[in-house]
**Student:** 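One structure, pasted below without further comment.
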Amino acid sequence: MTNPPVLIWLRRDFRLSDHPALHAACATGSPVIPVFIHDDPVDALGAAPKWRLGLALENFQHRLEGLGSRLILRRGAALDQLRELVAETGATSVYWSRLYDPASVARDTEVKAALKAQGVMAKSFGGHLMFEPWTVETKTGSFYKVYTPFWNAVKNRAVDAPLTAPSKLPAPDSWPASEDLAAWHMDVAMNRGAAVVRPHVRLGEAAAQARLARFIDESVATYDCTRDVPAVDGTSGLSENLSLGEISAHQCWHAGVRAREEGKRGAETFLKELVWREFAYHLMHHTPRILTDNWKPDWDGFPWNTDDTAAAVVAWKQGRTGIAFVDAAMRELYVTGRMHNRGRMIVASYLTKHLLTHWKIGQAWFEQCLIDWDPASNAMGWQWSAGSGPDATPYFRVFNPVTQLDKFDGNRAYANRWIAEGKTDPSPDALSYFDAIPRSWKLSADDKYPAPVVAADEGRKVALDAYENKGF
DNA sequence: ACGCCCTTGGG
DNA sequence: CCAAGGGCG
């Protein structure tokens with residue numbers, strides 16, 4: 001007679017190493033039953049994040065099977081499914097890694113209370129973040145609203161050393177029923193050429209670890225400079241893995257600290273970027289309205305365009321604004337599911353300032369398109385760009401996408417990589433964009449490259465006028 | 001209370 | 001050099 005099993009409820013933590021909840025489950029010595037539940041929040045994911053989650057599930061399922069374990073898939077309300085699994089397996093404990101968005105917090109709070117009320121030990125663990133959002137406080141006991149003081153408050157903290165992966169997951173005497181992943185059709189909303197996007201995905205824990213090792217080895221020393229150049233593969237590129245927990249922030253942090261100790265100049269900048277992710281979660285925890293409303297309420301009256309179907313907005317989404325940096329970045333997004341950080345700033349500045357369009361339209365499009373979509377980082381980034389967010393860029397700071405191209409893509413390597421029109425010998429990536437987009441867009445590589453919907457210098461004036469009329 | 005400071009820029 | 005305002009200690 002073995003001990004009653006422990007259910008480990010997985011959500012965005014598809015890794016074996018440095019997984020506190022899994023580690024604790026294994027440490028009980030009891031059989032471990034890994035579970036994923038397709039509930040309404042999963043259903044509500046954007047097309048690309050949902051598709052990418054499906055890939056992560058498939059990958060992690062195989063990973064677990066390699067250890068003689070399984071990933072049990074269930075569909076329905078989380079509490080109902082966990083209760084059924086408890087009844088079916090005789091499990092007396094349910095463990096999970098905490099999430100921090102308001103919907104998850106509400107669900108998990110209810111689940112924990114209900115399970116405890118029926119005598120099940122429900123326990124949540126850290127692991128998604130290095131610093132729990134409520135543990136970082138200013139001297140006066142409030143939360144941080146500016147990044148640099150936040151950085152100063154956490155930069156010298158001890159970060160837990162990463163936990164090793166369990167060598168085996170004890171299987172239960174019998175497995176509960178599981179649904180079939182393929183039947184969930186997590187690619188169904190991916191009505192662009194998923195086959196075009198797929199080669200750009202870096203799937204799973206092993207790929208993430210390899211990527212981190214290579215980044216530390218080859219790129220982090222010059223990261224402070226090369227990370228700004230979109231044609232160079234100079235960033236860690238780990239956001240999609242961090243988003244789904246295929247690697248932990250702790251693991252990245254410790255690798256970065258070692259690189260800094262070895263005197264690699266860019267390592268400090270990399271550590272700061274990891275802390276930006278923490279800062280986004282800190283802000284979301286303390287002000288969850290950052291996801292849905294202007295963080296600074298005095299922006300509520302600002303005359304944003306909110307028409308998602310406006311011609312300029314459609315041109316922005318389709319990478320047809322006639323501004324090379326903007327279009328290259330939007331096409332990179334569509335084809336790879338990612339966008340270089342500098343591109344993100346430029347397309348966001350162009351949408352919210354040159355096109356005076358509400359940041360929520362950009363936020364929603366990114367949520368559909370990004371395989372590294374993260375609720376906290378996406379919301380913070382958009383509000384930072386628009387000016388409505390905490391520690392935001394000042395209103396008079398309008399990125400000039402033409403100047404930016406000269407500065408960061410002087411030889412046009414990035415623009416040429418992603419834009420086909422007017423080229424005698426377009427790059428494979430530029431052509432692949434036309435394989436990825438829906439036919440209904442009626443675009444072809446043979447089209448004429450469009451004239452700017454709003455020119456760079458004209459847009460600056462548009463933005464400044466609007467901000468001045470707002471009554472600053 | 002008060003002074004210093006504020007990721008990524010433009011002209 | 002510009003520039004608003006507020007966060008932070």
Side-chain angles (χ1 to χ4, degrees), chain A residues 136-156 222-232 234-236 239 256 265-280 282-283 286-287 290 294-299 302 323 325-326 329 339-354 359 376-378 380-410 414 454-472:
Chain A
V136 188
E137 287 186 341
T138 66
K139 294 276 188 270
T140 55
S142 73
F143 69 97
Y144 281 98
K145 300 163 191 74
V146 175
Y147 173 75
T148 302
F150 181 85
W151 160 256
N152 287 327
V154 301
K155 66 182 178 191
N156 293 321
T222 55
Y223 177 73
D224 50 331
C225 306
T226 52
R227 79 195 184 96
D228 275 323
V229 184
V232 173
T235 69
S236 81
S239 52
R265 190 192 59 218
E268 174 98 350
T269 310
F270 176 58
L271 296 175
K272 282 188 171 169
E273 293 302 315
L274 290 170
V275 169
W276 268 98
R277 175 173 173 274
E278 305 282 322
F279 184 51
H282 180 77
L283 290 169
H286 289 284
T287 48
I290 195 173
N294 290 317
W295 191 85
K296 293 176 180 167
D298 57 315
W299 280 75
F302 190 78
I323 302 287
F325 212 150
V326 173
M339 189 191 289
H340 190 276
N341 178 54
R342 182 145 297 275
R344 297 190 199 212
M345 291 189 292
I346 287 163
V347 304
S349 177
Y350 189 79
L351 183 72
T352 58
K353 296 191 172 176
H354 287 70
W359 57 266
S377 297
N378 195 37
M380 180 187 69
W382 274 99
Q383 296 224 48
W384 181 85
S385 294
S388 61
D391 202 13
T393 171
Y395 80 87
F396 50 83
R397 185 167 295 168
V398 181
F399 280 72
N400 183 326
V402 172
T403 314
Q404 288 277 313
L405 194 69
D406 286 337
K407 239 183 221 175
F408 297 104
D409 193 40
Y414 182 67
V454 173
D457 46 354
E458 178 194 341
R460 177 180 170 78
K461 190 169 149 29
V462 168
L464 291 181
D465 285 352
Y467 287 89
E468 268 151 34
N469 292 335
K470 179 180 169 294
F472 268 109

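Within every chain, numbering begins at 1; the chains are lettered A, B, ... in the order of the sequence lines, protein sequences first and strands thereafter.
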**Student:** Determine: side-chain N/O of A:Asn400 to OP1/OP2 of B:dG11, distance under 4.0 Å, yes or no.
**Tutor:** yes

**Student:** Tell me the interatomic distance from A:Asn341, atom CG, to B:dG9, atom C1', rounded to whole angstroms.
**Tutor:** 15 Å

**Student:** Each nucleotide N or O in nucleotides 1-4 of chain B that has a protein N or O under 3.5 Å away: list the pair and distance.
**Tutor:**
none

**Student:** Give the rounded distance in Å between these two atoms: CZ of A:Phe396 and P of B:dG10.
**Tutor:** 12 Å

**Student:** Closer than 4.0 angstrom, basic N to acidic O: yes or no for A:Asp465 and A:Lys461?
**Tutor:** yes

**Student:** How many whole angstroms separate atom CH2 of A:Trp151 from atom P of B:dC6?
**Tutor:** 15 Å

**Student:** Round to a whole Å and report the spacing from CZ of A:Arg342 to P of B:dT8.
**Tutor:** 10 Å

**Student:** Which residues pass the ring-ring contact (aromatic ring centres under 6.0 Å, His included) test with A:Trp276, sequence neighbours left out?
**Tutor:** A:Tyr147, A:Phe279

**Student:** Would you say C:dA3 has OP1 or OP2 under 4.0 Å from some side-chain N or O of A:Arg397?
**Tutor:** no

**Student:** How would you list, by chain and number, every residue that makes a ring-ring contact (aromatic ring centres under 6.0 Å, His included) with A:Phe396, sequence neighbours excluded?
**Tutor:** none

**Student:** Not counting sequence neighbours, which residues clear side-chain hydrogen bond (donor to acceptor under 3.5 Å, both in side chains) with A:Thr287? List them please.
**Tutor:** A:Trp295

**Student:** Considering residues at least two apart in sequence or located in another chain, which fulfil the side chain to side chain contact (heavy atoms under 4.5 Å, CB included) criterion with A:Ala329?
**Tutor:** A:Met339, A:Val347, A:Tyr414

**Student:** Which whole-number value in Å describes the distance from A:Leu464 CG to C:dA3 P?
**Tutor:** 12 Å

**Student:** In chain order, what residues pass the side chain to side chain contact (heavy atoms under 4.5 Å, CB included) check against A:Arg342, with sequence neighbours excluded?
**Tutor:** A:Asp228, A:Phe325, A:His340, A:Met345, A:Ile346, A:Phe399, A:Gln404, A:Phe408

**Student:** Please check: side-chain N/O of A:Lys155 versus main-chain N/O of A:Lys272, any donor-acceptor pairing under 3.5 Å?
**Tutor:** no

**Student:** Could you list the residues that satisfy side chain to side chain contact (heavy atoms under 4.5 Å, CB included) with A:Asn294, not counting sequence neighbours?
**Tutor:** A:Trp299, A:Asp300, A:Trp304, A:His358, A:Trp359, A:Gln383, A:Ser388

**Student:** Please identify each residue that fulfils ring-ring contact (aromatic ring centres under 6.0 Å, His included) with A:His354, with sequence neighbours left out.
**Tutor:** A:Tyr350

**Student:** So what does the secondary structure string of DNA chain B come out as, 5' to 3', with Watson-Crick or wobble pairs under 3.5 angstrom, [ ] for crossing and | for pairs with another strand?
**Tutor:** .|||||..||.

**Student:** To the nearest Å, give me how far apart CG (A:Asp406) and C1' (B:dG9) are.
**Tutor:** 14 Å

**Student:** Apply side-chain hydrogen bond (donor to acceptor under 3.5 Å, both in side chains) to A:Ser377 and list each qualifying residue two or more places apart in sequence or on a separate chain.
**Tutor:** none

**Student:** In whole angstroms, how far is the C1' atom of B:dG9 from the CD atom of A:Gln404?
**Tutor:** 7 Å

**Student:** From OH of A:Tyr223 over to P of B:dT8, roughly how many Å is that when rounded to an integer?
**Tutor:** 15 Å

**Student:** A:Phe399 near the nucleic acid: base, sugar-phosphate alone, or nothing, with a heavy-atom cut-off under 4.0 Å?
**Tutor:** sugar-phosphate

**Student:** Apply side chain to side chain contact (heavy atoms under 4.5 Å, CB included) to A:Lys407 and list each qualifying residue two or more places apart in sequence or on a separate chain.
**Tutor:** none

**Student:** With the side chain of A:Asp391 defined as its heavy atoms from C-beta on, choose the nearest nucleotide among B:dT8, B:dC6, B:dG10.
**Tutor:** B:dC6

**Student:** Nearest to the side chain of A:Arg227 - B:dT8, B:dG11, C:dA3?
**Tutor:** B:dT8

**Student:** Can you see which heavy atom on A:Gly266 is nearest to which on A:Asp224, and at what distance?
**Tutor:** CA-OD1, 3.7 Å

**Student:** So which protein nitrogen or oxygen atoms get under 3.5 Å of nucleotides 6-9 of chain C's nitrogens or oxygens?
**Tutor:**
from: C:dC8; atom 1: OP1; to: A:Lys145; atom 2: N; distance (Å): 2.6
from: C:dC8; atom 1: OP1; to: A:Val146; atom 2: N; distance (Å): 3.0
from: C:dG9; atom 1: OP1; to: A:Tyr144; atom 2: OH; distance (Å): 3.0
from: C:dG9; atom 1: OP2; to: A:Lys139; atom 2: N; distance (Å): 3.3

